[in-house]
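The structure under discussion appears below in the form of structure tokens.
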There are 2 protein chains.
Amino acid sequence: MTELRVRRARIADVAREAGVSKAAVSFAFNSPERLSAETVTRIHEVATALEYRPHPVARMLTARQTTTVGVLSPQALPQVFANPFFALFAEGVAAVTEERGFGLLFISPLHGSLARAVGRATVDGMVVVGLDESHPEVEVIRRAGLPMVLVDAPAWPEHGAVEIDDHGGARSAAQHLVDLGHRDVLVVAIEPPVPGGNRAMSVSGRRLAGYRAVLEAAGILLGPERIVAGPATFDGGEAALLRAWEDGLRPTAALAMSDAMAVGVLQAARHLGLRVPEHLSVVGFDDLPISRFTDPPLTTVHQPVRLKGEEAARLLLATLATGQAGAATHRLLETRLVVRRSTAAPPRTRGQEVVGHD
Amino acid sequence: MTELRVRRARIADVAREAGVSKAAVSFAFNSPERLSAETVTRIHEVATALEYRPHPVARMLTARQTTTVGVLSPQALPQVFANPFFALFAEGVAAVTEERGFGLLFISPLHGSLARAVGRATVDGMVVVGLDESHPEVEVIRRAGLPMVLVDAPAWPEHGAVEIDDHGGARSAAQHLVDLGHRDVLVVAIEPPVPGGNRAMSVSGRRLAGYRAVLEAAGILLGPERIVAGPATFDGGEAALLRAWEDGLRPTAALAMSDAMAVGVLQAARHLGLRVPEHLSVVGFDDLPISRFTDPPLTTVHQPVRLKGEEAARLLLATLATGQAGAATHRLLETRLVVRRSTAAPPRTRGQEVVGHD
DNA sequence: AGGTTTGCGTAAACCGGTTTGCTAAACCGG
DNA sequence: CCGGTTTAGCAAACCGGTTTACGCAAACCT
């Protein structure tokens with residue numbers, strides 16, 4: 001048992017020891033030109049001898065800035081980190097915050113209350129991901145006077161926003177399947193993270209609308225039984241296909257709203273003895289790094305996830321620097337279909353008899 | 001252009017408006033029983049009308065605690081998030097910090113200097129991952145008087161530590177291959193993140209020692225040309241096998257120090273027309289969630305990564321709570337080999353002629 | 001009536017820094 | 001030798017809260 005809390009030296013200790021005022025010590029570090037050279041060195045000597053380090057919290061208080069940005073997401077933190085999409089997004093955010101010398105604080109629903117967590121967060125601004133205006137938290141942040149950038153949420157005039165064309169991306173995925181001749185398609189949807197969320201305006205809602213537009217234009221009906229939802233994880237995707245199969249569905253293709261889920265679908269397909277793409281075509285969404293490494297490599301809708309993080313951070317830091325929300329703070333990033341090897345024309349014969357092939 | 005920085009109400013504003021002292025306002029929130037009921041409600045009313053929220057930084061200063069823990073790693077943040085191992089570890093840390101109401105701050109080498117970053121970090125303690133005692137930063141943290149828990153680093157008597165049996169895990173992986181009859185093995189090693197690091201004591205060094213012990217006991221020489229290193233990523237693993245192949249090596253098995261690298265090896269093998277496990281056996285390390293979903297599912301050394309994060313966080317919070325480092329703060333977690341389907345006996349015939357099979 | 005307790009609030013010190021005047025001494029040219 | 005400008009450093013205010021010590025009136029005793 002060792003006592004850990006060694007009383008750390010304060011500025012007053014250094015001042016006393018060096019025989020100067022607190023102000024002098026502060027100057028010695030922050031504007032040494034205001035002091036004579038020898039005084040500065042003496043103070044520095046004393047400071048190092050005492051192992052003095054300015055207290056970061058005290059500094060934050062007077063500087064009235066924290067040099068830290070927050071990343072706010074509606075899910076609990078463990079779920080956030082379990083999501084490879086988010087890891088990639090965080091990668092982008094971190095790249096620019098780090099380069100600019102900002103810290104990164106993850107904010108999550110503290111004991112269920114995002115609002116409380118926001119109030120406690122010592123950040124200069126926030127990147128808010130996956131929360132639309134229907135969430136009360138957003139209002140809390142605005143009230144707190146914190147600049148913020150919204151990601152994947154309908155734009156809010158006075159705040160920055162970074163979005164992608166979910167609808168278009170989803171359309172291109174569906175169109176690809178239709179072009180290949182598929183008519184029996186399963187949608188593997190992302191469960192909205194927060195039940196209270198406005199479904200229609202969520203990422204999930206927008207992608208579904210895109211799928212539906214193309215499918216219905218091709219005369220394919222997308223009944224609710226053909227839409228199976230789960231968390232955006234490997235397991236979520238695996239469970240989704242398995243469940244659909246148990247329910248008697250025999251689709252020739254699956255449209256997954258995330259690559260993580262698509263990987264799970266691949267696994268479930270193997271488990272069911274279905275070959276991809278011969279028996280089942282799979283299309284993902286996101287184009288995560290992992291998607292190049294699956295077997296077969298995944299056909300998916302690319303979105304620049306890392307760039308999204310970078311742009312969000314850049315927008316936020318720009319806002320922080322100017323103290324104003326610029327006019328051109330709304331970025332819409334592109335999506336595009338990347339065709340790899342998990343999609344092909346549907347099998348000539350339908351459903352059943354493929355079981356047990358392998 | 002909207003002005004964002006609305007001047008937020010301070011405690012003095014509320015006090016003036018409610019016709020009471022600052023102290024009264026503080027009491028109204030923190031110990032309302034000291035005030036009469038009607039005064040409390042009046043203060044609350046004024047506070048909500050003014051949208052008053054106590055300034056978190058000021059509170060930190062007086063409370064002399066931040067209710068935040070830091071996670072310190074030697075790599076740059078983007079690399080950290082790109083590493084699925086780390087995401088899983090963070091998941092564990094986050095699970096317990098979140099439950100206990102602590103924030104999570106990621107600390108990385110600010111402009112190259114970890115030491116400076118540490119000095120700036122407003123945390124009550126740190127989880128330090130992948131830094132051994134040879135790193136000067138560790139000394140900085142100690143000097144700062146911050147409690148810390150070291151992960152994957154040789155134990156430091158007065159600090160908590162969480163480790164796994166890297167040597168034993170590596171041995172079991174190598175033994176598995178030896179038992180299958182492999183004699184020509186490639187080691188796909190993790191590049192030490194920091195060049196200055198003490199190689200021998202790093203995770204990489206410990207695992208290598210484990211491989212080597214078993215291999216040499218079986219009379220298999222592990223020359224330096226059979227050890228190829230890279231970053232612990234998909235691409236790192238892919239590049240590693242490709243490079244070895246180019247150099248003329250034709251191993252029948254690969255021992256990867258991380259699952260991420262193993263996935264890359266799988267991909268490279270496909271690219272080279274090698275079937276796994278018929279032509280090449282692959283063993284990973286970590287047992288990440290993804291490893292169940294690769295094709296074939298990966299034989300790997302399981303380590304409880306998420307639990308590691310949880311334990312580290314628990315140890316740290318316990319230290320924080322008691323203000324002392326307890327005696328039993330050193331946890332050694334178990335590893336075990338998980339045999340899936342990426343390993344088999346080596347092909348009868350050696351090397352060359354398998355090329356172009358597929 | 002006089003002394004004590006209780007309830008309610010306040011003033012001031014404090015957390016650990018930064019910043020703004022301001023003063024005293026050194027320096028300068030005339 | 002004098003008035004004016006630098007230079008070096010200090011005291012005090014400030015950032016925005018919390019906490020301690022105390023004042024004062026009304027209520028409670030005997």
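So you know, we letter chains A, B, ... as the sequences are listed, proteins then strands, and number each from 1. Both backbone and side-chain heavy atoms feed into the values below; hydrogens, waters and symmetry mates do not. Keep in mind the model is a prediction, meaning the values are calculated, not measured.
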SB check Glu311(B) Arg314(B) (cutoff 4.0 Å):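 Yes.
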
Electrostatic pair Glu310(A)-Arg306(A), nearest N-O below 4.0 angstrom: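 Salt bridge: yes.
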
Atom pairs under 3.5 Å, N or O on each side, protein against nucleotides 6-9 of chain C: can you list them with distances?
| unit_1 | atom_1 | unit_2 | atom_2 | d |
| --- | --- | --- | --- | --- |
| dG9(C) | OP1 | Thr39(B) | OG1 | 2.5 |
| dG9(C) | OP2 | Ser36(B) | N | 3.0 |
| dG9(C) | OP2 | Ser36(B) | OG | 3.4 |
| dG9(C) | OP2 | Thr39(B) | OG1 | 3.0 |
| dG9(C) | O6 | Arg34(B) | NH2 | 3.0 |

Any strand: nucleotide that pairs with dG3(D) via Watson-Crick or wobble, under 3.5 Å: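 Answer to the pairing question: dC28(C), which forms a Watson-Crick or G-U pair with dG3(D).
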
Residues Phe81(A), Phe89(B); criterion ring-ring contact (aromatic ring centres under 6.0 Å, His included); working and verdict: CA-CA 9 Å; Phe81(A) 287 119; Phe89(B) 177 77; over 10 Å; no

Atom CZ of Arg53(A): over 12 foreign heavy atoms under 6.0 Å: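 Open.
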
Ala24(A): partners by side chain to side chain contact (heavy atoms under 4.5 Å, CB included), with sequence neighbours left out: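 Listed in chain order: Val20(A), Ser21(A), Leu35(A), Ile43(A).
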
Val305(B) and Phe85(B): CA distance, side-chain angles, deciding distance, side-chain contact (heavy atoms from CB on, under 4.5 Å) verdict: CA-CA 7 Å; Val305(B) 182; Phe85(B) 165 86; 3.5 Å; yes

Taking N or O atoms only and anything under 3.5 Å, show me the protein contacts with nucleotides 13-17 of chain D, one pair per line.
| unit_1 | atom_1 | unit_2 | atom_2 | d |
| --- | --- | --- | --- | --- |
| dG17(D) | OP1 | His55(B) | N | 3.3 |
| dG17(D) | OP2 | Ile11(B) | N | 2.6 |
| dG17(D) | O5' | Tyr52(B) | OH | 3.0 |
| dG17(D) | O5' | His55(B) | N | 3.2 |
| dG17(D) | N7 | Lys22(B) | NZ | 3.1 |
| dG17(D) | O6 | Lys22(B) | NZ | 3.1 |

Given Val123(B), Val127(B), Val93(B), the one that forms side-chain contact (heavy atoms from CB on, under 4.5 Å) with Leu104(B):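 So, applying the side-chain contact (heavy atoms from CB on, under 4.5 Å) to Leu104(B) and each of Val123(B), Val127(B), Val93(B), only Val93(B) qualifies.
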
Residue among Lys308(A), Arg331(A), His330(A) satisfying side chain to side chain donor-acceptor pair (under 3.5 Å) with Glu163(A):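 When Lys308(A), Arg331(A), His330(A) are each tested with Glu163(A), the side chain to side chain donor-acceptor pair (under 3.5 Å) holds only for His330(A).
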
